[in-house]
Amino acid sequence: MRLWKIIATATVVEGAAIAAFAAIAGLGGAVSGWLDLFNQLAPVWLALAVLSAPTAALLIRPGRARRLVVGLAVVAGVIG
């Protein structure tokens, strides 16, 4: 595997995971004012999720890893 593809795949995985975590943490904004800070950047998480899903579908081989990353991006997109 080429180095650029490894770096791009790792970036997509991290982006999808961060977007999903931030979107889920933003749901806690109904309870805590500190967690509501995540909602201030909701457009950023949404854009990250929208970019991560198709990029992961292109870069990662079919299987469990691709489904997980695309699933994280979809969760972040739906919540965001």
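Source: prediction; values computed, not measured.
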Run through the side-chain heavy atoms of Ile, Leu, Val, Met, Phe, Trp and Tyr, join any pair under 4.5 Å, and report what else lands in [X]'s cluster.
X	value
L27	I24, V75, I79
V50	L46
L35	F21, F38

Report task. Quick one: closest heavy-atom pair of T11 and I7, and the distance? Result ->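 Shortest heavy-atom separation between T11 and I7 comes out as OG1-O, 2.8 Å.
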Requested in this report: Of all the heavy-atom pairs spanning A49 and A19, show the shortest one and how long it is.
Outcome: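 So the two residues come closest at N-CB, 4.3 Å.
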**Report entry** Side-chain donor/acceptor of S32 to backbone N/O of G28, under 3.5 Å
**Finding:**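 Pair absent, no side-chain N/O of S32 close to backbone of G28.
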Query - Gap between atom OG1 of T55 and atom CG of L48 - 0.5 Å precision - result: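 Output value for this atom pair is 9.5 Å.
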Query raised in the report: What is the distance from atom CG of L68 to atom CG of L72, rounded to the nearest 0.5 Å?
Result: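 Those atoms lie 4.5 Å apart.
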Side chain to side chain contact (heavy atoms under 4.5 Å, CB included) against [X], all qualifying residues, sequence neighbours excluded:
X	answer
V78	V74
A56	V12, I60, V69, V70
A73	A16, S52, A53
I18	W45

Query - Residue pairs involving residues 33-44 (criterion side-chain hydrogen bond (donor to acceptor under 3.5 Å, both in side chains); sequence neighbours excluded) - result: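 Residue pairs passing side-chain hydrogen bond (donor to acceptor under 3.5 Å, both in side chains), neighbours aside: D36-N39.
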Report task. Kindly state each residue pair satisfying side-chain hydrogen bond (donor to acceptor under 3.5 Å, both in side chains) with at least one member in residues 63-80, sequence neighbours excluded. Result ->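 Counting only pairs at least two positions apart or across chains, no side-chain hydrogen bond (donor to acceptor under 3.5 Å, both in side chains) contact touches residues 63-80.
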